[in-house]
Amino acid sequence: MNGIAAAVAVAVTFVWLGMVLAISFLEAPLKFRAPGVTIPLGLGIGRLVFRALNAVEAVLAVALVTAVALAAPPLPVIVLTALGALLLAVQLTAIRPVLNRRSDRVLAGEPLPRSRAHLVYIAFETAKVGTLLALGITALAYGS
């Protein structure tokens, strides 16, 4: 990898990783433990927070793909970049709509059993974290 584009790719990767870790694995579970936070209130907050996170992730993914394309990277960097973008795309197009429909029903007062779609989202978040970590390390190794 070469130059400024490689440095941008590494920086964007680690910013994206930090955001996912902070929101998905710290803020999201903790909000439901705060005093007075009901399930509907937590869902409402979560929808706003994840909508914002996902919008920023989409921008970061575009920036990352662009930087990697300009950096003349080796195949492992290309594969990890594509995998990170693919994981996000599946979350945004397949998993989030299911979760949004379910949260609409809960917010409307409908009692529902626990959702497996939420577990699928967590699995994708975990895979995305692993992919971004591997990408950041790999890009650093090839960029030096």
_Give me the atom names and distance for the closest heavy-atom approach of V10 to A139._
CG2-CB, 3.6 Å
*Atom pair NZ (K31) and CG (L26), whose distance is rounded to the nearest 0.5 Å*: 10.5 Å
*Rounded to the nearest 0.5 Å, what separation is found between the OG1 atom of T38 and the CZ atom of F32?*
8.5 Å
*According to a 4.5 Å side-chain heavy-atom criterion applied to Ile, Leu, Val, Met, Phe, Trp and Tyr, with indirect links allowed, do I122 and V90 form part of one hydrophobic cluster?*
no
*If Ile, Leu, Val, Met, Phe, Trp and Tyr residues are connected whenever their side-chain heavy atoms lie under 4.5 Å apart, and connections chain through other members, are V62 and L87 in the same group?*
no
*Would you name the heavy atoms of A9 and V68 that are closest together and state the gap between them?*
CB-CG2, 3.9 Å
*What distance separates Q91 CD from L53 CG, expressed to the nearest 0.5 Å?*
8.5 Å
*Answer yes or no: is there a side-chain heavy-atom contact under 4.5 Å between V98 and V120?*
no
*Answer with yes or no whether the hydrophobic clustering places F14 together with I4; edges join I, L, V, M, F, W, Y residues whose side-chain heavy atoms lie under 4.5 Å apart.*
yes
*CA sep, side-chain torsions, deciding dist, call: E27, I45, side-chain contact (heavy atoms from CB on, under 4.5 Å)*: CA-CA 11 Å; E27 183 275 337; I45 293 167; 4.3 Å; yes
*More than 12 heavy atoms of other residues, nucleotides or ligands under 6.0 Å from CG of L119: is that the case?*
yes
_For the student: nearest non-hydrogen atoms of L107 and G44, plus distance_ = CD2-N, 4.5 Å
*Does L92 reach the side chain of E57, with side-chain heavy atoms less than 4.5 Å apart?*
no
*Can you check whether D104 reaches R47 side chain to side chain, under 4.5 Å on heavy atoms?*
yes
*Any side-chain heavy atom of W16 within less than 4.5 Å of one from L88?*
yes
_Ignoring hydrogens, what is the shortest heavy-atom contact between A6 and A71? Give both atom names and the distance._
N-CB, 3.7 Å
*Answer with yes or no whether the hydrophobic clustering places V59 together with V8; edges join I, L, V, M, F, W, Y residues whose side-chain heavy atoms lie under 4.5 Å apart.*
no
*Find the distance between CG (L132) and OG1 (T81) and round it off to the nearest 0.5 Å.*
9.0 Å
_Do R102 and R105 have side chains that approach each other closer than 4.5 Å (heavy atoms only, starting at C-beta)?_
no
*Connected via hydrophobic side-chain network under 4.5 Å: I137 and V20*: yes
*Grab the two heavy atoms, one from T13 and one from G136, that are nearest each other, plus how far apart they are.*
CG2-N, 3.6 Å
_Nearest-0.5 Å distance that lies between atom CZ in F124 and atom CD1 in I95_ = 4.5 Å
_Partner of L135 under side chain to side chain contact (heavy atoms under 4.5 Å, CB included), chosen from L64, V79, L140_ = L64
*Side chains of L17 and V129: closer than 4.5 Å at any heavy-atom pair?*
yes
*Inter-residue atom distance I78.CD1 - T138.OG1, 0.5 Å rounding*: 12.5 Å
*Closest contact, heavy atoms only, L41 versus G36*: CD2-O, 4.1 Å
